[in-house]
Asks: 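Next up is a structure, given as structure tokens.
Each chain gets a letter, A, B and so on, in the order the sequences are listed, and its residues count up from 1.
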Amino acid sequence: MSIDGSFDPAAIEAGLYDDWERSGHFAPGGNGRAYCIVIPPPNITDRLHIGHAFQHTLMDALMRYHRMTGRRALWQTGTDHAQISTQMVVERRLLEQGIKREDLGRQGFIDRVWEWKRTTGGNISRQIRRMGSSVDWRRERFTMDEGFSRAVIEVFVRLYDEGLIYRGKRLVNWDPVLQTSISDLEVDNHEEAGQLWHFRYPLADGARTQAGADHLVVATTRPETMLGDTAVAVHPDDERYRSLVGKSAILPLVGRRIPVIADDYVDRAFGSGCVKITPGHDFNDHAIGARHGLETVNIFAADATLNDNAPAAYRDLDRFVARERIVADMESAGLVERIEAHTMTVPRGDRSDAVIEPWLTDQWFVKIQPLAEPAIKAVEDGDIEFVPRQYENMYFAWMREIEDWCISRQQWWGHRIPAWYDESGDVHVGRTEAEARTRAGFDDDVPLAQDEDVLDTWFSSALWTFGTLGWPERTPELATYHPTDVLVTGYDIIFFWVARMVMMTLKFTGEVPFKQVHIHGMVRDAEGAKMSKTRGNGLDPLDIIDGISTDALVAKRTANMTQPRMAETIEARTRREYPNGIPPYGTDALRFTFCAMASQGRDLAFDLKRIEGYRNFCNKLWNATRFVLGHVKSAADLEGPANAGPSDRWIRSKTRHLVDTAHRSIADYRFDLYANAVYEFIWHEYCDWYIELTKPVLFEADARPEAARAAKRTLLDVLELLLRTAHPIIPFITETLWQRVAPLQGSTGATIMHQPFPRPDEQPEDAGAQAAIEWLKAVVTAVRNIRGELNVAPGKAIDLLLQGSEPQSRQLGANETLLRRLANVNAVRFLGDDEVPPPVSMQIVGGDNTGGATSHALKVMVTMADLIDTDAERARLQKAVDRAEMDLARTGSKLANENFVAKAPPAVVAKERNKHDRLRGEIGALKEQLSRLDGQ
RNA sequence: GGGUGUUUAGCUCAGUUGGGAGAGCGACGGCCUUACAAGCCGUAGGUCGCAGGUUCGAGCCCUGCAACACCCA
């Protein structure tokens with residue numbers, strides 16, 4: 001591949017990933033200490049979205065870095081069968097063909113799901129490759145593959161045998177649309193506008209309230225559930241109703257006699273202070289019912305229509321239809337006190353969006369307390385560390401109040417519960433039917449029927465770290481890579497996944513699943529809003545990589561909308577924001593953007609303007625390499641004696657700090673600091689200064705061949721080091737360039753992936769060279785500043801005068817050639833201390849207390865002659881005087897403060913004195929120059 | 001109602017033990033300087049959410065308040 005023109009991501013990315021994968025570069029290698037990350041398994045129903053892309057960027061940077069530091073690094077990958085999601089997706093597709101799952105039967109349906117998985121379910125794995133993720137595909141797993149399923153069953157049986165899994169009739173969250181139970185975590189609570197109905201329940205036996213009423217008023221947001229009421233509750237200390245406790249009310253429309261009970265749970269201030277109690281359809285009421293021995297009446301069928309426990313008039317009605325009918329009937333009976341608008345919390349299923357119904361059914365539960373305790377301790381003891389730390393609070397809060405986990409789902413796709421029932425309904429658990437039979441002591445002719453339910457998808461993902469490494473077998477992989485090093489994930493699944501992994505892994509391996517958890521933020525749109533299909537503000541990472549036209553983007557965002565009326569708004573906004581579509585930025589630019597924006601503990605607002613800057617950065621690196629390769633055409637160019645100058649020694653020396661920052665930032669998961677350090681060094685040190693500094697030497701190579709050779713070597717060595725330093729962030733471009741650069745150094749390595757990550761001591765420290773180049777940069781910057789402010793064309797050579805202390809004149813001696821070239825200086829002269837300069841434009845540099853070569857003030861003067869506008873120069877000087885005087889006033893008042901001088905550390909006081917003196921000198925010089933101007 | 005986080009330049013965000021407020025983008029001015037106009041050089045712009053407190057000294061520590069975001073109920 002030739003290195004010319006501009007950076008073209010499509011051209012370099014194509015094929016490179018396949019080469020890596022085919023060559024086996026992603027597999028763990030070497031004999032170093034193990035390093036392992038397990039991928040948060042994407043659902044087989046997923047398409048790669050921007051959150052995956054972000055997460056993969058961070059994980060891949062970690063993997064590539066640790067691989068380069070010599071660790072035997074395994075990135076374990078795989079996918080999740082996504083129980084409910086997948087069943088929904090496949091059911092929907094079948095429905096499009098007019099097929100219901102019942103038509104196919106259980107096995108027929110499951111076969112269709114597997115078929116769908118074979119054809120479509122692998123898309124996500126292919127898309128992940130576009131991100132450059134260096135995962136070990138040969139070890140790809142699936143939560144329903146044979147081995148993993150064996151682990152799931154093993155865990156179930158062992159927990160059951162220990163009494164940690166039980167079956168029971170309990171009130172659970174019931175999704176009437178999917179017709180399955182779901183866990184607490186799968187319920188989203190939304191605030192929704194509703195109403196509060198105040199109903200009158202007549203008192204029985206002529207009882208009266210303290211105020212003399214013959215009825216109680218109860219308020220409810222769910223009128224239809226009154227058919228299941230079995231009590232009315234008041235607060236035990238409520239004088240209004242105290243005398244009624246133990247008496248009865250008559251449940252309207254039903255005619256049932258229900259007791260008035262007293263319970264602390266009742267809020268006296270809410271409504272009338274009376275509460276209807278429906279133990280069959282409300283979690284709080286259920287608890288009250290249990291306390292008071294109340295009857296539980298279930299009025300709903302599985303689809304939330306009313307069942308035979310409801311009066312005949314309401315049977316088979318949908319719950320919302322029944323609500324209207326009941327309110328109407330109560331109105332006609334004159335039993336509605338009032339109706340008011342009320343904002344209420346409505347529970348909805350996170351997959352179906354259906355209103356969830358508390359419903360009494362037989363389900364399987366994990367007794368969680370015994371598992372939670374060690375899991376809490378592991379984090380308390382620091383065996384698992386959250387980064388950033390604050391998420392530990394979230395973890396603790398949830399774990400300390402955790403409730404038993406409902407793990408059975410009334411669905412077909414998933415791990416079927418390994419339990420069998422005999423004819424008397426007794427349950428027998430075993431790894432297989434045969435084992436269940438043996439354990440029960442049944443002969444083969446005893447009829448057994450397997451439980452119809454499947455397990456919550458998170459039950460299996462909880463086993464991910466050890467299940468993928470071969471458990472329950474004692475595999476070498478398990479011994480080598482477990483516990484894994486770090487889990488990289490979003491805060492949205494700390495409860496769903498992280499906490500449950502910790503519990504299950506501790507239980508079954510006696511080890512933590514991972515030593516650290518890096519919690520990253522969520523990717524949002526440029527305004528900080530959540531990306532969603534409904535909002536139509538989503539960005540597909542592949543569109544950012546490959547580019548997309550405006551029309552295609554609009555089409556994509558408005559297709560298959562659940563709320564088609566939004567389409568117009570979305571189209572208008574999309575056309576406004578992306579009038580020219582999205583250009584192809586490439587994977588590297590996207591990854592660099594993610595890293596740079598990955599500051600800790602906050603979400604990131606993804607703005608395409610940022611990515612443009614990082615695409616430009618890639619182009620910068622590309623062109624810097626072109627420059628180097630243009631001067632080093634073959635290894636022969638480097639042969640022979642070389643004599644490194646200050647600039648060569650300076651840039652080598654500077655890499656030490658960069659590399660040190662890289663190591664420290666990665667250890668802290670500060671990808672932003674790492675990326676910024678790389679950006680800053682490559683652009684503003686290597687390109688802006690070092691390459692410019694080599695030009696005077698390279699363009700006059702014949703005059704000083706040893707110096708030119710040293711420059712070439714340094715250009716090449718430092719570039720190669722930078723490519724390795726940047727590789728974990730931008731793998732494609734660094735590999736491509738490295739393939740061209742490294743051979744010139746004599747490297748025979750096949751890939752940059754397996755080169756050592758630079759160490760801080762790879763290049764020699766050189767304080768003298770650093771001082772020299774910092775001096776040079778300060779003077780050049782001063783001259784450019786004068787040029788810029790006084791509008792002296794860059795092409796116009798100027799004459800330069802310098803005045804200052806003796807060390808400064810020595811720096812001039814060492815750097816004069818470079819100075820002339822970089823500042824476009826014609827003649828330069830160092831004035832004696834007493835020498836009065838001719839008309840000049842002046843700037844003072846240095847005096848910065850660094851203790852280096854610039855620690856004494858230096859006057860940088862450009863001779864004015866006809867170049868300079870005197871008024872403009874006067875204004876410049878005045879501005880400098882003003883600024884210095886403000887600083888002087890501040891240091892002056894500090895030094896005048898006795899407390900400061902007495903109590904501040906001596907070094908701080910000395911620094912302040914030093915600064916005070918410098919400013920006084922500077923102001924004096926500036927004013928002197930101003931008065932000279934006035935005299936002219 | 002309980003909890004966590006955020007609030008710094010027009011925008012997006014850094015700011016590591018308390019010691020002279022930074023970057024990128026955007027804006028403005030000047031440059032087609034032989035790696036790069038996806039570039040180069042320069043300039044402007046901030047009462048660090050508000051009010052107190054601790055301290056010689058606070059963007060940073062403490063208290064209170066406000067706004068926003070998220071988690072739990």
Asks: Looking at A:Phe386, does the NZ or CZ of A:Arg389 lie under 6.0 angstrom from its six-membered ring centre and within 45 degrees of the ring axis?
Replies: no
Asks: With a 4.0 Å limit, can you tell me whether A:Asn897 has a side-chain N or O closer than that to the phosphate oxygens OP1/OP2 of B:rG57?
Replies: no
Asks: Measuring from the side chain of A:Pro905 (C-beta onward, heavy atoms only), which nucleotide among B:rG42, B:rC56, B:rA14 has the closest atom?
Replies: B:rC56
Asks: Out of B:rA14, B:rG39, B:rC36, which nucleotide sits closest to the side chain of A:Leu673?
Replies: B:rA14
Asks: In dot-bracket, 5' to 3', how would RNA chain B read with Watson-Crick or G-U wobble pairs under 3.5 Å, [ ] for crossing ones and | for pairs to another strand?
Replies: (((((((..((((.....[..)))).(((((.......))))).....(((((..]....)))))))))))).
Asks: So do A:Lys879 and A:Glu789 actually touch side chain to side chain, heavy atoms under 4.5 Å?
Replies: yes
Asks: Sticking with atom C1', work out how far B:rC25 lies from B:rA67, rounded to a whole angstrom.
Replies: 26 Å
Asks: Quick one: which of B:rC36, B:rA44, B:rG15 gets closest to the side chain of A:Arg883?
Replies: B:rA44
Asks: Among B:rC36, B:rG30, B:rA35, find the nucleotide with the atom closest to the side chain of A:Asn619.
Replies: B:rC36
Asks: Nearest whole angstrom, please: distance from the P of B:rC11 to the CG of A:Asp607.
Replies: 13 Å
Asks: For the C1' atoms, the ones on B:rG22 and on B:rU8, what distance do you get once it is rounded to whole angstrom?
Replies: 10 Å
Asks: As a test of reading the structure: which of B:rG20, B:rC56, B:rA38 is closest to the side chain of A:Lys911, going by heavy atoms?
Replies: B:rG20
Asks: May I ask you to say what A:Cys618 touches in the nucleic acid, namely base, sugar-phosphate or nothing, with a heavy-atom cut-off under 4.0 Å?
Replies: nothing
Asks: Is A:Ala624 touching bases, backbone alone, or none of the nucleic acid, heavy atoms closer than 4.0 Å?
Replies: base
Asks: Taking the side chain of A:Glu692 as its heavy atoms from C-beta onward, which of B:rA35, B:rG24, B:rG19 lies nearest to it?
Replies: B:rA35
Asks: Tell me, do A:Arg883 and A:Glu922 make a side-chain contact under 4.5 Å, heavy atoms counted?
Replies: no
Asks: Taking only the side-chain heavy atoms of A:Arg602 (C-beta and beyond), determine which of B:rG19, B:rA14, B:rG42 contains the nearest atom.
Replies: B:rA14
Asks: Taking any heavy-atom pair under 4.0 Å as a contact, classify A:Ser6: base, sugar-phosphate, or nothing.
Replies: base
Asks: Which of the following nucleotides, B:rG24, B:rG42, B:rA35, is nearest to the side chain of A:Lys620?
Replies: B:rA35
Asks: Taking the same atom, C1', in B:rC32 and in B:rA14, what whole-Å distance lies between them?
Replies: 35 Å
Asks: Base, sugar-phosphate alone, or nothing: which one does A:His684 contact when heavy atoms must sit under 4.0 Å apart?
Replies: sugar-phosphate
Asks: So which atom in A:Ala711 and which in A:Thr694 form the shortest heavy-atom distance, rounded to 0.1 Å?
Replies: CB-CG2, 4.2 Å
Asks: Is there a side-chain contact between A:Ser599 and the phosphate of B:rA14, meaning an N or O under 4.0 Å from OP1 or OP2?
Replies: yes
Asks: From CG of A:Asn824 over to C1' of B:rU34, roughly how many Å is that when rounded to an integer?
Replies: 15 Å
Asks: Would you check if A:Tyr585 and A:Glu612 make a side-chain contact, meaning some heavy-atom pair closer than 4.5 Å?
Replies: yes
Asks: Any side-chain N or O of A:Lys903 under 4.0 Å from OP1/OP2 of B:rC56?
Replies: yes
Asks: So what does A:Arg890 touch, heavy atoms closer than 4.0 Å: a base, only the sugar-phosphate, or nothing?
Replies: sugar-phosphate
Asks: Could you give the distance separating B:rA44 and B:rA9 at their C1' atoms, to the nearest angstrom?
Replies: 11 Å
Asks: Under 4.0 Å, heavy atoms only, any strand: does A:Phe7 hit a base, just the sugar-phosphate, or nothing?
Replies: base
Asks: Applying a 4.0 Å non-hydrogen cut-off, can you work out what A:Arg615 is touching in the nucleic acid: base, sugar-phosphate, or nothing?
Replies: base
Asks: If I pick the C1' atom on B:rA58 and the same atom on B:rG20, what distance separates them, to the nearest angstrom?
Replies: 14 Å
Asks: For the residue pair A:Glu873 and A:Ser841, confirm or rule out a side-chain donor-acceptor distance under 3.5 Å.
Replies: yes
Asks: Between A:Tyr491 and A:Asp603, is any side-chain donor less than 3.5 angstrom from a side-chain acceptor?
Replies: yes
Asks: Does the side chain of A:Arg670 pick up a donor-acceptor pair with the side chain of A:Tyr674 at under 3.5 Å?
Replies: no
Asks: Need to verify one output field. Residue with the more 5' nearest nucleotide on RNA chain B, A:Asp8 or A:Lys695?
Replies: A:Lys695
Asks: For the pair made of CD1 in A:Ile786 and P in B:rC41, what is the distance, rounded to whole Å?
Replies: 17 Å
Asks: Where the side chain of A:Trp683 is defined as all heavy atoms beyond and including C-beta, which of B:rG39, B:rG24, B:rG42 is the nearest nucleotide?
Replies: B:rG39
Asks: Does a side-chain N or O from A:Asn676 land closer than 4.0 Å to OP1 or OP2 of B:rA14, or not?
Replies: no
Asks: Between A:Asp672 and A:Asn676, is any side-chain donor less than 3.5 angstrom from a side-chain acceptor?
Replies: no
Asks: Starting from P on B:rG3, measure out to CD on A:Gln390 and report it in whole angstrom.
Replies: 16 Å
Asks: With C1' as the reference atom in both, quote the distance from B:rU16 to B:rU54 in angstrom, rounded to an integer.
Replies: 23 Å
Asks: Go nucleotide by nucleotide along RNA chain B from the 5' end; which of A:Asn623 and A:Lys879 gets its closest nucleotide reached first?
Replies: A:Asn623
Asks: Contact class for A:Glu392 (heavy atom, under 4.0 Å): base, sugar-phosphate, or nothing?
Replies: nothing
Asks: Side chains of A:Ile733 and A:Phe592, heavy atoms from C-beta outward: is any pair under 4.5 Å?
Replies: no
Asks: Atom CZ of A:Arg670 to atom P of B:rU16: distance rounded to whole Å?
Replies: 9 Å
Asks: B:rA69 and B:rG57: how far apart are their P atoms, nearest whole angstrom?
Replies: 38 Å
Asks: On a whole-Å scale, what distance lies between the C1' atoms belonging to B:rG26 and B:rG59?
Replies: 24 Å
Asks: Rounding to an integer number of Å, can you tell me how far A:Lys712 NZ sits from B:rA35 C1'?
Replies: 15 Å
Asks: Write down the distance between CZ (A:Phe627) and P (B:rU33), rounded to a whole number of angstrom.
Replies: 16 Å
Asks: Expressed as a whole number of angstroms, how long is the span from A:Met597:CE to B:rC11:P?
Replies: 15 Å
Asks: Where does the angle between the aromatic ring planes of A:Tyr669 and A:His518 fall among parallel (under 30°), tilted (30 to 60°) and perpendicular (over 60°)?
Replies: parallel
